[in-house]
Structure formats: C-alpha cells, structure tokens
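Below: one structure, written as structure tokens.
The chain is numbered in sequence order, starting from 1.
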Amino acid sequence: MKWLFFVLITLFLIVLQTIIFPCFSWVSHSFDLMIMLVLFLSLNFSHYAVAVALAVVGGVMDSLSGGPFFLYMFSYIWIFLIVQFVKQLVFQTSTLFVVGVSLLSIIIQQVLILFSVFIRQGQIDAWQMNLTLMIQQVVWGTVMVPAGVWAISLLYRNWQYMGKKVVNTWEKKIRE
C-alpha cells in the first residue's frame with residue numbers, strides 16, 4: 001500500500017511539474033516539486049531501498065527534463081543522504097528543521113545546476129546564468145516545500161487510515 005501511494009504521488013508531481021505548470025507563465029520556472037517527496041521520504045523512512053527508489057525517480061526526471069543527465073538523480077540521493085545524517089543529530093519533527101532542510105535541498109539542486117553548466121559550457125556561461133531566477137526558486141522552495149511535505153504527510157496518514165479500514169472490512173467479510 002505504501003508503494004502504491006508513493007507511485008501515485010510521484011506521478012501526480014511529475015505531471016504537475018512537466019505538463020501543467022509550464023502552461024502558466026508565473027510558475028513555468030518553479031523549483032523542482034519532487035523535492036517535496038524526496039524530503040518526505042527522507043524524513044519518514046531510513047531504509048536504503050528509498051535511496052534506490054529516489055534514484056529511479058531521479059532517472060525519470062532526468063529523462064523528462066532535457067537537462068544534464070544525472071542532475072536530478074544525484075541531487076535526490078544527496079538530499080536523502082544529508083537528511084539521513086542530519087536527522088540523527090537534530091530533532092527532525094520541528095518546523096524549523098524542515099524549513100532548513102528545504103532551503104538546503106533547493107540550494108543543493110541550484111548548485112548542481114550551476115556546476116553542470118560550468119562543466120559543460122565553461123566559466124563565462126556559468127556566470128551569465130539567470131541568478132534572479134535561481135534566487136526566486138530558492139525563496140519559493142523554502143516557502144512551499146515545507147507546506148508540500150506537510151500536505152504529503154497528511155495525505156499519507158489518510159491513505160494509511162483508509163487502507164486499514166478497507167483491510168478491516170475485508171477481514172470482517174471473510175469471517176462471516
């Protein structure tokens with residue numbers, strides 16, 4: 001049941017980011033929405049199978065983005081590993097922690113984008129990048145990612161509740 005939820009949320013976020021958001025000019029260059037799912041998984045699950053799942057999702061996003069390959073995959077895995085490390089040192093349910101990790105996640109992705117442009121096209125093109133857009137993405141991500149993590153968490157709790165209710169109903173019908 002857990003994996004079905006994550007597949008559905010992943011598909012929803014991919015469609016939202018790749019098909020729906022580009023239609024609107026005010027959100028066409030938004031931050032990576034998958035960071036919300038990456039942070040939710042990183043905060044709630046410690047198993048390394050999650051890292052493999054994030055690598056697969058990163059591969060899908062790399063294929064869809066048209067950007068440098070492995071950008072999303074590396075950023076998702078780095079975010080997962082950093083959250084796993086920091087989570088052991090800090091009380092991870094605090095709002096300040098989630099905001100800080102959100103800010104760090106967006107910055108990691110922006111630095112990887114800047115680094116990939118620097119490697120592919122040289123120092124001159126890297127400094128000509130739209131820094132205003134990068135700053136806007138960091139600000140919007142810092143504001144919206146914690147809200148998205150909270151929303152995914154709420155949806156997940158409701159999903160689990162409904163799943164338990166369905167299983168209990170099936171068990172009652174089997175017993176009768």
Please determine whether residues V167 and L4 belong to a single hydrophobic cluster, defined as Ile, Leu, Val, Met, Phe, Trp and Tyr linked transitively by side-chain heavy-atom distances below 4.5 Å. no

What I'd like to find out is whether the side chain of L39 reaches to under 4.5 Å of the side chain of V98, using heavy atoms alone. no

Under 3.5 Å, is there a donor-acceptor pair between the D32 and Y76 side chains? yes

V149 backbone acceptor or donor facing S153 side chain under 3.5 Å: no

Is it true that atom CZ of F12 has more than 12 heavy atoms of other residues, nucleotides or ligands lying nearer than 6.0 Å? no

I want to know whether F45 and F6 have ring centres closer than 6.0 Å. yes

Can any side-chain N or O of Q110 pair as donor or acceptor with the backbone N or O of M134 at less than 3.5 Å? no

Would you name the heavy atoms of L13 and M36 that are closest together and state the gap between them? CD2-CE, 4.5 Å

State, to 0.1 Å, how close I79 and S105 come at their nearest heavy-atom pair, and which atoms those are. CG2-OG, 3.5 Å

How long is the straight-line distance from CG of L103 back to OG1 of T142, given to the nearest 0.5 Å? 4.0 Å

About how many Å separate NZ of K173 and CG of N168, when rounded to the nearest 0.5 Å? 12.5 Å

Do V56 and L11 belong to the same hydrophobic cluster, where Ile, Leu, Val, Met, Phe, Trp and Tyr are linked whenever their side-chain heavy atoms lie under 4.5 Å apart, directly or via other members? no

Can S46 and Q84 be counted as having a side-chain donor-acceptor contact under 3.5 angstrom? yes

Do V7 and V52 share a hydrophobic cluster (ILVMFWY, side-chain heavy atoms under 4.5 Å, transitive)? no

Could you tell me whether W159 atom CH2 has more than 12 heavy atoms of other residues or ligands within 6.0 Å of it? yes

Which is it for L155 and F5 under the side chain to side chain contact (heavy atoms under 4.5 Å, CB included) test, yes or no, and what are the steps along the way? CA-CA 9 Å; L155 287 171; F5 174 78; 4.0 Å; yes

Apply side chain to side chain contact (heavy atoms under 4.5 Å, CB included) to the pair R157 and Y161, showing each step before the final yes or no. CA-CA 6 Å; R157 279 188 298 234; Y161 175 74; over 6 Å; no

Using a 6.0 Å cut-off, check whether atom OH of Y48 has over 12 heavy atoms from anything other than its own residue. no

What's the shortest heavy-atom distance between G58 and Y72, and which atoms? O-CB, 3.7 Å

State the CG-CD1 distance between L64 and I14, to the nearest 0.5 angstrom. 6.0 Å

Looking only at heavy atoms, what is the nearest atom pair of S102 and G141, with distance? CB-O, 4.3 Å

In this structure, are over 12 heavy atoms from other groups packed under 6.0 Å from M144 atom CE? no

Flag the pair M61 / M73 as yes when at least one side-chain heavy-atom distance between them is below 4.5 Å, and no otherwise. no

Show, in sequence, the C-alpha distance, side-chain angles and deciding distance for F97 and V86, and conclude whether the side chain to side chain contact (heavy atoms under 4.5 Å, CB included) test is met. CA-CA 9 Å; F97 175 73; V86 175; 3.3 Å; yes

Transitive ILVMFWY side-chain link F85 to L104, under 4.5 Å: yes

Enter the distance from F80:CZ to L54:CG here, rounded to the nearest 0.5 Å. 6.5 Å

Same apolar cluster: I152 and W150, side chain cutoff 4.5 Å: no

What is the minimum heavy-atom distance between W3 and A53, and which atoms define it? CZ3-CB, 3.9 Å

To the nearest 0.5 Å, atom CD1 of I82 lies from atom NZ of K87 at 14.0 Å

I'd like to know whether CG of L96 has more than 12 heavy-atom contacts from other residues, nucleotides or ligands below 6.0 angstrom. no

To the nearest 0.5 Å, how far apart are CZ in F70 and CG in L112? 13.5 Å

